[in-house]
Number of protein chains: 2
Amino acid sequence: MSRASDQAYQKIRAYLLSGAAQPSEQLTEDQLAQIAGVSRTPVREAVRRLEDELLLVRSDTKRLFVADWSRDDIEEMFTLRQMLECHAAERAARRLSRAQVAQLETVNRILKDAIERPVPDVARFLEANRSFHELVIDAAHSPRLGQMLAKLVEAPVVLRTARNYSLDDLRQSARDHDELIAAFAARDPEWARAVMGSHLRRAFHSFANTVGPAAGESTSEAA
Amino acid sequence: MSRASDQAYQKIRAYLLSGAAQPSEQLTEDQLAQIAGVSRTPVREAVRRLEDELLLVRSDTKRLFVADWSRDDIEEMFTLRQMLECHAAERAARRLSRAQVAQLETVNRILKDAIERPVPDVARFLEANRSFHELVIDAAHSPRLGQMLAKLVEAPVVLRTARNYSLDDLRQSARDHDELIAAFAARDPEWARAVMGSHLRRAFHSFANTVGPAAGESTSEAA
DNA sequence: CGAACCGTTATTGTATACAAATCGCTCCCG
DNA sequence: CGGGAGCGATTTGTATACAATAACGGTTCG
């Protein structure tokens, strides 16, 4: 991560997530170059990636703007993620070795540790959670699937910065993981898929309620 | 498409598809710049896109190679495409307007015309087919879904260059489209999903048989 | 005879200067 | 008073030169 384009990517991303930039605000490559502390060349490369991750968008005339995500956008991403990650869980159930299952157990133990502390360590929880899902996706052994999911998972994680997690949510996640591990140990693809499905769907609702409370039917379908 | 980076993308892509480059052959940015007739800067941008589309791959040390697709790779892509495009069909069934359904009918009429000629016009068929699927995906109204599918659909289309289609395959496709239109007209998401599923799965087998005839279990999982 | 080291060459990565395009403003004309 | 053409300023796109890094080959030492 020492290369200038990677550094640019990291810094710009951090900048966007910090909330310092308003949604739909225009950004110029020069500004970003200044923020990242490198020249425009690597910035352009970083911007490409961020566009791909939909954190930045381009106008029809190639000008850059901070993406603004509607509630529909978020729901869409969760839906796609669910579809793909259920598939990943199913495949993983067919392929996971004992050692890999053990690894999942270890990671989930760390995750539980992070929860059950005087004050839950959310950063640690998120990191363990990320690891867990990454292990499952890797085990699915489907490079494109992994690539697509990386994009979908990244983005919402980003938005979670501001979010506050309830203890119940965290504990339920840990239990979901336990059941997922059971499904893997039993080599039952259908079970794994089902558990992953409810796990992610619950996550979506819990997420949606804290971010865009109601949303109703008012703005959604009309446009 | 007059921008240098677009031109580079087109030319390099055409070059790769022409078969002039062997799979796993190394390519340098300079070579590609020469082929595209522009400097390395836009070439690098084009290469990024082609990497994303998996026509090019990078070694761990950033060297560039022509991708070589295993049969497993192809199966994986068809599977993902099926999953996503079934979802698109389902969504489209809920949202398509009468006018859009009419448009699909028009396109499929063109597609049939292309088949039923003294000698079937495959290029015309493929173009109409592409249009048809694109209309469905657009109607699903899910930008990320569209983006992902674009990548998955592009690549195999590429490999089809050498392929020869049987008249039966072409006609079956046309019938599938008709049934899909019927499902849309009836606003039946489940029906649409099911038809799309069998449509694509058949396409996969028909494709796989002409490309990598047997594949069996010999080379696949071991590596 | 083999293997590790070092210098050369090839290749990718970055900075900068310049070209093309777009934007926003003013000014002119209807 | 409104709309559009033109112009200066801003922004993106491309070429080129140079820096950093990785591959290659030869040589030397064990």
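Chain letters run A, B, ... following the sequence lines, proteins first and then strands; every chain starts at 1. Side chains included, hydrogens not; waters and symmetry mates left out as well; all remaining heavy atoms used.
Within the structure, every side-chain polar atom (N or O) of B/R44 is placed at least 4.0 Å from both OP1 and OP2 of C/dT12. For the OP1/OP2 pair of D/dT21 and a distance below 4.0 Å, the side-chain nitrogens and oxygens of B/T61 include no atom meeting the criterion.
Among residues at least two apart or in separate chains, salt bridge (charged side-chain N to carboxylate O under 4.0 Å, His left out) pairs with a member in residues 136-147 of chain B are A/D73-B/R144, A/E76-B/R144. Residue pairs meeting the ring pair (Phe, Tyr, Trp, His ring centres under 6.0 Å) criterion with at least one partner in residues 8-67 of chain B, sequence neighbours excluded, do not occur; the list is empty.
For A/H87, there are no ring-ring contact (aromatic ring centres under 6.0 Å, His included) partners at least two apart in sequence or on another chain. Scanning for side-chain contact (heavy atoms from CB on, under 4.5 Å) contacts around B/S24 gives B/D68, with sequence neighbours left out. For the side-chain contact (heavy atoms from CB on, under 4.5 Å) test, residues two or more places apart in sequence or in another chain that qualify with B/D52 are A/D52, A/Q147, B/K151. By the side-chain contact (heavy atoms from CB on, under 4.5 Å) test, B/S173 is found to be paired with B/F125, B/H199, residues two or more places apart in sequence or in another chain being considered. Applying the ring-ring contact (aromatic ring centres under 6.0 Å, His included) test to A/F184 and every residue at least two apart in sequence or in another chain returns nothing. Applying the side-chain contact (heavy atoms from CB on, under 4.5 Å) rule to B/R44 yields the partners A/E45, B/E29, B/R40; only residues at least two apart in sequence or on another chain are considered. Partners of B/F204 under the ring-ring contact (aromatic ring centres under 6.0 Å, His included) rule, at least two apart in sequence or in another chain, are B/F78.
If you take CZ of B/F65 and C1' of D/dA22, they are 12 Å apart, rounded to a whole angstrom. As rounded to whole Å, 13 Å separates atom P of C/dT22 from atom CZ of A/R58. Here the C1' atom of nucleotide C/dA15 and the CD atom of A/Q7 are 14 Å apart, to the nearest Å. A/L32 has its CG atom 12 Å from the P atom of D/dT11, to the nearest Å. Rounded to a whole Å, the CZ atom of B/R3 is 17 Å from the P atom of C/dA19. Separating the CG atom of A/L56 from the P atom of D/dT12 is a distance of 11 Å, rounded to the nearest angstrom.
Summary of helix geometry: the two end axes of the helix from C/dC1-D/dG30 to C/dG30-D/dC1, each defined by five base pairs via their C1' atoms, are inclined to each other by 20° (rounded to 10°).
Although no hydrogens or angles enter the test, the distance criterion places a donor-acceptor pair under 3.5 Å between the side chain of A/Q100 and the main chain of A/S97.
Looking at every heavy atom in both residues, B/R124 comes nearest to B/A114 through CB-CB, 3.8 Å.
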Taking only N/O atoms, report every protein-nucleotides 6-11 of chain C pair under 3.5 Å with atom names and distance.
from: C/dT11; atom 1: O4'; to: B/R63; atom 2: NH2; distance (Å): 3.3

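For DNA chain C, the residues of residues 34-43 of chain A within the heavy-atom distance limit of 4.0 Å (strictly under) are A/V38, A/S39, A/T41, A/P42, sorted by number.
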